[in-house]
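Taking it in order: structure first as structure tokens, then the write-up.
Counting from 1, the numbers follow the sequence of the chain as shown.
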Amino acid sequence: MSKSLSDKIRNIGIMAHIDAGKTTATERILYYSGIVHRLGDVDHGTAAMDWMPQEKERGITIQSAATTFVWKSHQINLIDTPGHVDFTAEVERSLRILDGAVAIFCAVGGVEPQSETVWHQADRYNVPRIAFVNKMDRQGADFSRVLEMIRDMLGAKPITVILPIGSGTGFSGIIDIIEGHAVYFDETSQGARFSIEKIPVEYQTEYENARDALWEAAAMLDETAMEKYFNGDLSSDHVRKLLRIGTISGQLVPVLCGAALKNIGIQQLMDAIVDWLPSPSELPPVTGLLKDGSITEIERRLDAQFTALVFKVQNDPHLGKLAFMRVYSGMIKDGAHVLNNRTGKKERLTRLVRMHANKRNHLDRIQAGDIAAAGLKDVVTGDTLTLQTNPVILESIVFPEPVMRVAIEPMSTSDEKKLNDALSSLANEDPSFRVGIDEESGQTLIKGMGELHLEVISDRIQREYGVSVRTGKPQVSYRESISCIAVGSGEFKRSIQGRGHFGHALLRVSPTESGIEFTNTLDNNKLPEHFANAVEKGVKGSIGAGPLAGFALDGIKIELLEAELHATDSSETGYSYAGAMALRTCLKKGKPVLREPVMKLNIICPSNYVGEVIGDVNSRRGSIISMEPRGEVQSINARVPLAELFGYSSALRSLTQGRAGFSMQFYDYALIAENITRELLDQMGITSLHMSW
């Protein structure tokens, strides 16, 4: 890609814990860049980026929303992501395709549970970050404490580039450490105008200490700069360039501060995005797989072959199915044909648009560095689009498994087809949402990341698709595993349509922490590879239903130990069935057990209610992990089974007279005690013959 194009582009995301102020900050960014001419308000449902009715009513972001603006001659493609744990898949797919991110932290809450989650998601994709400590105007705001939490809890190296002048009700402005002056914002212009003044005398020492730390951290990145630092002639321009190097390499995280709701510090954040987050040309090539399985590198160039990754699919009421894509290389025009490397089929790229929340601007073409959307019929999240002459598959996106399910049915039997169409459409949009059938009752089950996730899905079915539905009580998506090593065999011997089919397999299964692992211990002389693959196919086709209650299997290692060959009748069908039969035998012998999702719970409550809150957590089979005082309140971290947290919001309000709040996120699957397993199976009406502790 030519320098004249790419060094003026930034692809960034805004990420944080719920209620840290992401959308409010984004609204100010759009206002100061001239994209909107009236400041939106999350609480009043007027935020441009929260366009869904469910977002306006709840005052939270549910779907990631994309927009584009210009700041200091740079085109910035921005994605505002959700902060609620139920919608973490939206963050995952956004970070997969972004070049940089702004992590927003509440000056009172600091590093909260979802802040930690999204930070580690960004770590996984090596996304450079800058941090913005928001809500400095709130009572209890503590800038220094947030810096310590970023350092201690996230393992990052924060470096202060902006200092606050005061905090809480006394927060009045900021100090720009690199430029060496104070900045005060004009309330009458909604922060659009600001004045540059001398640093207050009482902040001079704090400024000098912060400046020394910043200069030293920047100088550590370059030997020549270190010499200049020791000689006392390291310039502010040089420091700014070094900070860019440190940020892009992940060695430093520049930290700014402000108060988005009070319109303080946002323009400096916009400057930081341009100054320190990378352009596409500064990042290494992306890797992909060719047809033969070999790895190839794709240069981020305009004159290379067209390559794009679909990171989101959305059903638009006017344009039909829209595929959001990140273009990594090349250029393509509206109406051209692209190859979907998952399906192997060509499809016409129609209605190229650049999105501003739910509004669209038509594009004649898209090119390397762009984030755009197009009408495509047969695409799913994670598909790679290329030209037919360049079939390559980019790394896809891995989404978390659902932990909760509810039964759903239409109010009228005449709406069954409409409901099925709606569920199919929503599942195509949201990879963390699944649809299934309860084999015993025949009911349709919808599965998601939590109560709010499924509640929003049900609401969308009624509003967007016009189907009135009723849902059952939320149920936990348990997993099944085994408690001991077991060995078992399976033999399939049958004539099908006049042809003999034979297969035999001996398996050993062992309990592991998580996942399903299959290992073939035989070489090709004992069992040809295509028969071993058939055994694996049969095994993996059977892991969706365990022997206790039909829940999916998890935490099992499966080894193929032996297999017999038949002189004439050995077949892939036979070995596939034999593998499935051997697995069922092993599971019965392995003393099957249930595993349940455990949530990491963070509770903020007044100190005088701590005893009641801890007692309630213990009564829910939970355990307290840590407690930390935060001014007049306590932050309690606990781990509690999801099954015990239904209705917890109301219970916590009742315990603390409405003065406590909480957030939770999935932690892990844990073994359920024998007595509780028996109770659960009884509630499900299941008398298991396979439990034998």
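A pairwise comparison of heavy atoms in Leu376 and Glu347 identifies C-OE2, 3.1 Å as the closest pair. In this structure, Ile165 and Ile175 approach most closely via the heavy-atom pair CG1-CG1, 3.7 Å. Nearest heavy atom pair, residue Met136 against residue Gly166, reads CE-O, 4.0 Å. Of all heavy-atom pairs between Ala304 and Ser329, the closest is CB-CB, 4.0 Å. The two atoms that bring Asn134 and Gly21 nearest to each other are ND2-CA, 3.6 Å, heavy atoms only. Pairing each heavy atom of Ser172 with each of Tyr184, the nearest pair is O-CD2, 3.6 Å.
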May I have the step-by-step check of side chain to side chain contact (heavy atoms under 4.5 Å, CB included) for Ile174 and Ile264, ending in yes or no? CA-CA 8 Å; Ile174 59 176; Ile264 297 176; 4.2 Å; yes
Step by step, would you call Arg365 with Gln367 a side chain to side chain contact (heavy atoms under 4.5 Å, CB included)? CA-CA 7 Å; Arg365 65 178 188 176; Gln367 58 192 28; 3.5 Å; yes
Can His238 and Lys228 be said to form a side chain to side chain contact (heavy atoms under 4.5 Å, CB included), step by step? CA-CA 10 Å; His238 198 171; Lys228 290 184 177 182; 3.9 Å; yes
Report the C-alpha distance between Asp7 and His74 in whole Å, list the side-chain angles of each, state the deciding distance to 0.1 Å, and finish with yes or no for side-chain hydrogen bond (donor to acceptor under 3.5 Å, both in side chains). CA-CA 8 Å; Asp7 65 359; His74 286 70; over 6 Å; no
CA sep, side-chain torsions, deciding dist, call: Ser235, Asp237, side-chain hydrogen bond (donor to acceptor under 3.5 Å, both in side chains): CA-CA 5 Å; Ser235 69; Asp237 285 344; 5.5 Å; no
Under the salt bridge (Lys or Arg N to Asp or Glu O under 4.0 Å) rule, what do Asp370 and Arg326 come out as? Steps first, then yes or no, please. CA-CA 6 Å; Asp370 277 342; Arg326 164 66 196 271; over 6 Å; no
Side chain to side chain contact (heavy atoms under 4.5 Å, CB included) between Gln75 and Asn77, worked out: CA-CA 7 Å; Gln75 175 186 311; Asn77 303 315; 3.2 Å; yes
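Salt-bridge annotation for Lys262 and Asp137: present, with a side-chain N of the basic residue lying under 4.0 Å from a carboxylate O of the acidic one. Salt bridge Asp275/Arg10: absent, no basic N to carboxylate O contact under 4.0 Å. A salt bridge does not link Asp334 to Arg351: none of the charged nitrogens lies less than 4.0 Å from a carboxylate oxygen. Under a 4.0 Å N-O distance rule, the pair Glu282/Arg244 qualifies as a salt bridge. With respect to Arg460 and Glu429, a salt bridge is recorded, a charged nitrogen being found less than 4.0 Å from a carboxylate O.
Between Thr81 and the choices Val91, Thr23, Ile14, Thr26, the side-chain contact (heavy atoms from CB on, under 4.5 Å) rule is met once, by Val91. When Leu221, Ile159, Ile130 are each tested for a side-chain contact (heavy atoms from CB on, under 4.5 Å) with Leu243, only one passes: Ile159.
In this structure, the side chain of Arg300 engages the main chain of Pro284 through a donor-acceptor pair within 3.5 Å. Remark: side-chain polar atoms of His362 are paired, donor with acceptor, to backbone N or O of Leu352 under 3.5 angstrom. Although no hydrogens or angles enter the test, the distance criterion places no donor-acceptor pair under 3.5 Å between the side chain of Thr160 and the main chain of Ala210. Here the side chain of Arg28 pairs no donor or acceptor atom with the backbone of Gln190 at under 3.5 angstrom. For the pair Asn231 (side chain) and Asp233 (backbone), a donor-acceptor distance under 3.5 Å is absent. A donor-acceptor pair under 3.5 Å is formed between the side chain of Ser189 and the backbone N or O of Arg193. Under a 3.5 Å cut-off, the side chain of Asp99 and the backbone N or O of Pro278 do not form any donor-acceptor pair. Of the possible polar contacts, none joining the Lys312 side chain to the Ala373 backbone as a donor-acceptor pair under 3.5 Å is found. In terms of modelled atom types and a separation under 3.5 Å, the side chain of Arg96 and the main chain of Glu395 share a donor-acceptor contact. Under a 3.5 Å cut-off, the side chain of Trp215 and the backbone N or O of Leu234 do form a donor-acceptor pair.
With a 4.5 Å cut-off on side-chain heavy atoms, Phe105 and Lys135 do not count as touching. Taking the side chain as every heavy atom from C-beta outward, Met15 and Ile104 never approach each other to under 4.5 Å. Between Ile76 and Val274 there is a side-chain heavy-atom pair separated by less than 4.5 Å. Between Cys106 and Arg138 there is a side-chain heavy-atom pair separated by less than 4.5 Å. Counting heavy atoms from C-beta on, the side chains of Thr386 and Asn341 come closer than 4.5 Å. Put simply, the side chain of Ile97 reaches to within 4.5 Å of the side chain of Leu309, judged on heavy atoms. Side-chain contact between Leu277 and Asn11: absent, with no pair of heavy atoms (C-beta onward) separated by less than 4.5 Å. Looking at heavy atoms from C-beta onward, Glu148 lies out of side-chain contact with Val111 at the 4.5 angstrom threshold.
Annotation: cation-pi geometry not satisfied between Arg145 and Phe143 (NZ/CZ under 6.0 angstrom from ring centroid, within 45° of ring axis).
Side-chain atoms of Glu299 and Tyr328 form no donor-acceptor pair, as typed in the model, at a separation below 3.5 Å.
Under the 30°/60° scheme for interplanar angles, the aromatic rings of Phe185 and Phe194 are found to be tilted.
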